[in-house]
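Have a look at the structure that comes next, please.
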Amino acid sequence: MANLPGQRRKHRPRPSRYAVELPARPSGLVISLPADYTAFCMLYQDRYLRYTRVRVADPGLSRTLVEAALGSVATNWATVLASHCPAAEAWNILGSLIAQAVRGHAATESCSTVYRVLPLLQADVVILRHRLSLSDQQAADLMGVEEPLVASQLRMAHRNMSRQLANPLP
């Protein structure tokens, strides 16, 4: 079209090759998680949060750690699901995150004492059984181990604690 004298040309901004035109109304993403992952979270998240709150003095940090652990499980869900025991994999992820956080932040005093005196597995069992009042079966399920292992670790923890009380270090 030729520009005739006296005709006004409509000013149209030149599109930049880097400009991105945003939609008038953003359409929300719908993310679908596998049903088995969703069921896993529903089964374990409350107990994970209770356990983490006992281990970590900060309730906000506890929530963040559980969310991070479940996020990591989601990211690696196919691998976790293919493992020998998905609950054990998730428990290990949560435990690693808590261990990192406790190094940098305050842990609850009574809890940190248990973890200083006992091996990790025994300390976890003591917390689950005595602080959270879980049964051997519930603790075993949460940790992804067999029930007899929980019972034996609890007996060993009681013996170790008795020895510690009878022979305190100077």
Side-chain angles (χ1 to χ4, degrees), residues 28-165 168-169:
L29 294 176
V30 176
I31 299 171
S32 297
L33 297 170
D36 47 5
Y37 171 77
T38 302
F40 182 89
C41 287
M42 291 178 74
L43 183 62
Y44 292 112
Q45 69 183 355
D46 290 336
R47 289 183 183 163
Y48 283 173
L49 190 55
R50 287 178 53 214
Y51 168 77
T52 306
R53 283 183 180 155
V54 169
R55 295 273 322 263
V56 180
D58 181 347
L61 179 59
S62 298
R63 184 172 220 44
T64 300
L65 291 171
V66 172
E67 287 172 352
L70 291 175
S72 181
V73 170
T75 302
N76 300 296
W77 184 242
T79 304
V80 169
L81 200 55
S83 71
H84 173 68
C85 183
E89 291 290 323
W91 183 257
N92 289 335
I93 291 169
L94 179 62
S96 295
L97 291 171
I98 291 171
Q100 290 172 2
V102 169
R103 273 186 227 116
H105 291 81
T108 58
E109 185 57 36
S110 62
C111 187
S112 61
T113 301
V114 169
Y115 283 88
R116 275 197 309 268
V117 172
L118 296 174
L120 179 63
L121 183 57
Q122 289 177 23
D124 281 346
V125 168
V126 167
I127 296 300
L128 294 174
R129 292 286 285 116
H130 293 298
R131 291 289 301 270
L132 299 184
S133 301
L134 299 182
S135 68
D136 283 357
Q137 182 58 53
Q138 289 169 325
D141 182 54
L142 189 66
M143 296 170 65
V145 298
E146 297 295 323
E147 185 177 353
L149 180 64
V150 169
S152 69
Q153 291 298 309
L154 188 59
R155 282 191 304 275
M156 286 191 282
H158 288 161
R159 276 194 300 263
N160 286 339
M161 293 295 281
S162 295
R163 277 189 223 125
Q164 288 289 332
L165 292 173
L169 294 174

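Throughout, residue positions are numbered sequentially from 1 according to the sequence presented.
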With the side chain counted from C-beta on, respond yes when L149 and L121 share a heavy-atom pair under 4.5 Å apart, and no when they do not.
yes

Mind listing the closest non-hydrogen atom pair of W77 and P34 along with its distance?
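Scanning both residues, the minimum pair turns out to be CD1-CG, 4.0 Å.
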
Below 4.5 Å, heavy atoms only, C-beta onward: do Y48 and L65 meet side chain to side chain?
no

Could you report the tightest heavy-atom contact between Q138 and S133, atom names first, then the distance?
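Scanning both residues, the minimum pair turns out to be OE1-O, 4.4 Å.
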
Is there a side-chain contact between H130 and H158 in this structure, where contact means two heavy atoms from C-beta onward sitting under 4.5 Å apart?
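The answer is yes, as the side chains (C-beta and beyond) meet within the 4.5 Å cut-off.
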
Is M143 close to V125 at the side-chain level, that is, under 4.5 Å between some pair of heavy atoms?
yes

Sole residue of Q153, R55, R129 in side chain to side chain contact (heavy atoms under 4.5 Å, CB included) with D124
R55

Main-chain N/O of Q137 paired with D141 side-chain donor or acceptor, under 3.5 Å:
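Pair absent, no side-chain N/O of D141 close to backbone of Q137.
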
For E67, look at atom CD and say whether over 12 heavy atoms of other residues, nucleotides or ligands are found less than 6.0 Å away.
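Yes.
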
Only one of T64, L94, L61 clears side chain to side chain contact (heavy atoms under 4.5 Å, CB included) with T52; which?
L94

To check you understand the geometry: which heavy-atom pair defines the closest contact between G144 and A87, and what is its length?
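Minimum heavy-atom separation between G144 and A87: CA-CB, 3.8 Å.
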
Could I get the full list of side-chain hydrogen bond (donor to acceptor under 3.5 Å, both in side chains) partners for Q122, not counting sequence neighbours?
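Here the qualifying residues are N160.
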
Decide yes or no for I127 and Y115: does some side-chain heavy atom of the first lie under 4.5 Å from some side-chain heavy atom of the second?
yes

Side chain to side chain, L134 and R50, heavy atoms closer than 4.5 Å:
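L134 vs R50: side chains touch.
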
Heavy atoms, side chains only, cut-off 4.5 Å: are V117 and M161 in contact?
yes

Taking all heavy atoms of A157 and all of V126, pick out the closest pair and write down the distance.
CB-CG2, 3.5 Å

I want to check something: taking the side chain as every heavy atom from C-beta on, are Y44 and L70 in contact at a cut-off of under 4.5 Å?
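Sidechains of L70 and Y44: no contact.
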
In chain order, what residues pass the side-chain contact (heavy atoms from CB on, under 4.5 Å) check against A151, with sequence neighbours excluded?
D136, R155

